[in-house]
2 protein chains.
Amino acid sequence: MRRMTARPANGHQARLLRLLRDGGPNSRAQLGDQVDLSRSKLAVEVDRLLETGLVVADGLAASRGGRRSHNIRLAPALRFLGVDIGATSVDVAVTNAELEVLGHINQPMDVREGPVAVFEQVLAMAAKLKASGLAEGFDGAGIGVPGPVRFPEGVPVAPPIMPGWDGFPVREALSQELGCPVMVDNDVNLMAMGEQHAGVARSVGDFLCVKIGTGIGCGIVVGGEVYRGTTGSAGDIGHIQAEPDGRPCACGNRGCLEAYFSGAALARDAEEAAREGRSAELATRLDETGRLSAVDVAAAAAAGDPTALDLIREGGNRTGQVIAGLVSFFNPGLVVIGGGVTGLGHTLLAAIRTQVYRQSLPLATGNLPIVLGELGPTAGVIGGARLISDHVFSPA
Amino acid sequence: MRRMTARPANGHQARLLRLLRDGGPNSRAQLGDQVDLSRSKLAVEVDRLLETGLVVADGLAASRGGRRSHNIRLAPALRFLGVDIGATSVDVAVTNAELEVLGHINQPMDVREGPVAVFEQVLAMAAKLKASGLAEGFDGAGIGVPGPVRFPEGVPVAPPIMPGWDGFPVREALSQELGCPVMVDNDVNLMAMGEQHAGVARSVGDFLCVKIGTGIGCGIVVGGEVYRGTTGSAGDIGHIQAEPDGRPCACGNRGCLEAYFSGAALARDAEEAAREGRSAELATRLDETGRLSAVDVAAAAAAGDPTALDLIREGGNRTGQVIAGLVSFFNPGLVVIGGGVTGLGHTLLAAIRTQVYRQSLPLATGNLPIVLGELGPTAGVIGGARLISDHVFSPA
DNA sequence: ATGACTTTCTCCAGTCACAGGACAAAGGGC
DNA sequence: GCCCTTTGTCCTGTGACTGGAGAAAGTCAT
């Protein structure tokens with residue numbers, strides 16, 4: 001079902017749509033306070049938006065001592081789809097025009113099965129959300145993939161952990177299937193946009209968002225805009241050298257951060273500790289095939305296992321060391337830590353903070369909060385919705 | 001002498017002024033091709049600029065098959081002052097409105113003497129340039145200082161190598177003295193702007209400009225604009241850790257890049273090598289007080305001294321290692337190496353390149369030029385002129 | 001030379017965006 | 001009921017801008 005969502009005709013209309021998205025329903029007068037247009041001009045633009053159906057006027061607000069105002073809000077039937085493709089699972093969510101999550105599904109999945117299989121699953125999940133009555137159709141979809149993307153075309157490039165995805169026209173293919181506009185970005189950038197829109201990074205112009213999951217990546221926001229770099233690989237910090245001539249890494253180099261810490265590295269180190277008998281706590285959590293996951297380590301740490309705590313601290317130190325360098329270089333106003341390992345919580349955060357505050361320049365760390373993301377797994381899907389809504393709410 | 005330079009009245013005029021600055025004299029028709037305005041509107045704006053005296057029409061260009069065009073150019077009497085304050089010397093230059101250097105003076109100086117003494121010297125140098133007939137007055141001045149700056153106010157903050165400068169109102173004081181608009185920025189950012197305007201970084205949107213002088217800093221350009229960070233300390237990469245638990249650094253930490261390489265570190269290591277008899281070549285260059293400078297090392301290296309070459313290679317390796325991390329993170333389209341040690345030339349560059357190409361991700365380095373700055377000591381002063389001209393050529 | 005064609009620049013009229021004031025609608029407080 | 005406030009609409013004047021007509025000043029081929 002093709003859905004021909006109207007698009008704003010000019011910058012003013014786009015501005016108004018975003019104000020309604022971010023600030024919720026508003027009266028004309030309230031909108032006028034934020035937009036530096038005369039009331040007459042504003043009324044004209046609002047009327048035009050009402051004609052297109054993108055916004056509706058429903059009901060009157062309570063009086064504030066004078067004539068009651070009309071509630072202007074985004075069309076309640078608008079729906080965005082946020083899709084966050086991880087290495088081992090997918091998140092799909094529907095939001096309304098205000099980017100509130102109405103329904104959210106998470107399913108295990110393996111990216112290595114290739115784009116065709118994965119998108120079959122994603123489309124099934126989207127259909128399920130639609131079938132449950134949450135949406136009649138989608139007005140746009142924002143997709144996050146775990147690797148670099150040529151952003152303008154929406155095509156993954158040379159993704160190390162995603163063989164078979166290189167050059168696959170994600171944007172075009174999904175736009176066809178879903179019958180709505182689609183934007184594709186790196187999953188880390190999506191998380192950054194999510195935390196910026198609805199999480200800890202509201203009202204911060206320049207910040208870093210470090211996502212520690214199967215790998216490690218970093219979303220870079222400059223002046224409120226995601227910075228993607230010349231070839232779309234900005235923020236790829238997993239293979240920054242943390243230790244000269246250190247451990248060998250899957251990428252072929254030595255001493256990469258990911259060789260020391262990431263969901264995968266943590267699980268591997270924990271398995272080794274368990275097998276070598278250094279932690280009874282971890283050993284009890286081994287599954288039939290002798291494997292552990294980051295979640296197991298988090299549980300063991302919560303239970304007070306010293307080996308697990310050490311592994312987390314050690315990883316946090318390495319990560320903090322790299323982040324310290326980035327903080328000196330980038331001088332952000334905030335550092336957000338997120339991703340699958342957020343469950344490691346305060347132990348991880350404390351280790352990272354210690355390193356950063358010790359190694360970065362006082363001027364850069366003086367007033368620098370380093371915090372956990374507050375949206376967890378919804379950061380990515382909200383970011384996806386945000387990405388596509390920015391596109392849909394821009395002049396045609 | 002107060003000089004009341006007119007300012008453009010709107011964005012169109014500002015745009016035209018910058019086109020004339022960057023592209024030199026142009027006819028109305030040529031301007032029209034670049035500015036997306038109707039010829040009539042363009043004519044109006046040009047006429048208004050002519051009235052203000054900011055631009056002049058002098059002479060007719062050769063015919064290109066039809067009516068000859070008028071040459072529209074920036075007023076030939078406009079003068080900008082570019083000032084680049086280093087740790088041990090000052091550069092002062094006058095440029096015309098097209099930012100061509102008309103006169104350039106370099107003098108030794110010690111920043112530690114404090115802002116009052118330094119600016120006395122700077123003003124004397126400016127007066128000298130004026131006396132030599134290069135300028136009747138200045139229409140703006142761009143100042144670079146070797147430390148972080150609160151950019152909007154033009155005030156240095158907590159400069160480690162500049163005690164006594166903290167909080168000194170450079171912009172206000174100099175604006176008073178010179179009687180013209182003044183802008184203040186980090187010297188590294190100025191160099192980046194210089195290379196962007198007239199050097200190797202023309203037409204590159206996102207790049208890094210590493211300046212290796214007494215210390216090490218890095219100018220960051222995002223989308224053609226200098227990025228300064230939340231507190232103005234972005235690009236301060238001298239104290240990024242290059243070696244965990246490495247050499248002690250003056251900043252109190254260990255293993256900082258500057259502890260291994262910079263003009264100062266290189267001179268120190270060379271002196272040590274000379275004293276320990278590891279290099280006869282270097283020993284012959286020791287001055288009366290047993291000191292060497294980076295220039296001596298460059299000369300020794302040029303003469304083929306293996307110890308000097310080793311020192312340079314070693315420093316280049318360390319620097320390259322740090323830059324490799326920044327390249328992975330920032331994914332620039334170009335890396336420029338500049339500053340006092342540019343004299344070390346190809347040996348240094350080769351070492352840096354080797355490290356970066358080996359350690360950064362292929363996607364980020366795939367088409368990444370790493371080159372020496374081509375402006376040398378004029379990069380900073382041109383950057384200063386560029387900085388202030390951007391300000392003067394913006395709507396009042 | 002002369003006419004045909006180009007290029008550059010100016011002038012003019014019409015259109016559109018927008019601001020700002022007058023005014024109507026709708027309510028609160030006394 | 002009266003006066004005040006807030007919200008929203010209508011209308012007109014102004015200034016920004018476009019596009020076309022045409023004048024000015026050339027080149028080039030014949």
Side-chain angles (χ1 to χ4, degrees), chain A residues 6-20 23-74 394-396, chain B residues 6-20 23-74 394-396:
Chain A
R7 291 278 289 279
N10 59 40
H12 295 312
Q13 294 184 13
R15 179 89 202 283
L16 292 171
L17 291 172
R18 291 178 197 203
L19 282 174
L20 291 171
N26 262 287
S27 69
R28 289 177 173 85
Q30 287 171 309
L31 288 173
D33 291 341
Q34 302 171 69
V35 88
D36 196 42
L37 277 179
S38 66
R39 276 177 310 192
S40 25
K41 177 61 179 165
L42 182 106
V44 169
E45 297 299 352
V46 170
D47 285 345
R48 287 186 190 157
L49 284 174
L50 286 168
E51 276 174 34
T52 67
L54 276 170
V55 308
V56 298
D58 61 340
L60 296 171
S63 167
R64 300 197 302 136
R67 174 173 171 177
R68 296 168 63 193
S69 61
H70 294 269
N71 263 330
I72 308 291
R73 68 171 70 214
L74 289 166
S394 67
Chain B
R7 292 276 291 279
N10 58 42
H12 295 313
Q13 293 184 15
R15 178 89 202 281
L16 291 171
L17 291 172
R18 293 180 196 201
L19 282 174
L20 290 170
N26 262 288
S27 68
R28 288 177 174 82
Q30 285 171 310
L31 288 173
D33 291 342
Q34 303 172 67
V35 89
D36 195 43
L37 277 179
S38 67
R39 276 175 311 200
S40 16
K41 177 60 179 166
L42 182 108
V44 170
E45 297 299 351
V46 170
D47 285 346
R48 288 186 189 156
L49 285 174
L50 287 168
E51 277 174 35
T52 67
L54 276 171
V55 309
V56 298
D58 63 338
L60 296 170
S63 167
R64 300 196 301 133
R67 174 174 170 177
R68 295 168 64 192
S69 61
H70 293 269
N71 263 331
I72 308 292
R73 67 171 70 213
L74 289 165
S394 67

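Lettering follows sequence order; numbering is per chain, from 1. Heavy atoms only: backbone and side chains are in, while hydrogens, waters and symmetry mates are out. Since we're looking at a predicted model, the values are computed, not measured.
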*Within the structure shown, what part of the strands sits under 4.0 Å from A:Leu60 by heavy-atom distance: base, sugar-phosphate, or nothing?*
nothing
*CD on A:Gln34 to CG on A:Leu42, rounded to 0.5 Å*: 10.0 Å
*Looking across every strand, which nucleic acid part, if any, lies under 4.0 Å from A:Lys41 by heavy atom: base, sugar-phosphate, or nothing?*
sugar-phosphate
*Using a 4.0 Å cut-off on protein heavy atoms (strictly under), produce a 5'-to-3' string for nucleotides 3-12 of chain D with B for base contact, S for backbone-only sugar-phosphate contact, and - for none.*
--BBBBSBB-
*For the residue pair A:His12 and A:Val35, establish whether any side-chain heavy-atom pair is separated by less than 4.5 Å.*
no
_Could you tell me how far apart B:Gln13 (CD) and D:dC17 (P) are, to the nearest whole angstrom?_
11 Å
_Salt bridge check, A:Glu51 against A:Arg48: does any charged N sit closer than 4.0 Å to a carboxylate O?_
no
*Starting at atom CG of A:Asp36, determine the distance to atom C1' of C:dG20, rounded to an integer number of angstrom.*
14 Å
*Starting from C1' on D:dC17, measure out to CZ on B:Arg48 and report it in whole angstrom.*
11 Å
*asked:* Which is more 5' along DNA chain C, the nucleotide nearest A:Ser63 or the one nearest A:Ser38? Just name the residue.
replied: A:Ser38
*Can any side-chain N or O of A:Asn26 pair as donor or acceptor with the backbone N or O of A:Gly24 at less than 3.5 Å?*
yes
*asked:* Looking at D:dA16, I'd like to know if its phosphate oxygens (OP1 or OP2) sit under 4.0 Å from a side-chain N or O belonging to B:His12.
replied: no
*Flag the pair A:Lys41 and A:Asp36 as a salt bridge only when some basic side-chain nitrogen lies within less than 4.0 angstrom of an acidic carboxylate oxygen.*
no
_B:Arg64 atom CZ, neighbour heavy-atom count above 12 within 6.0 Å_ = no
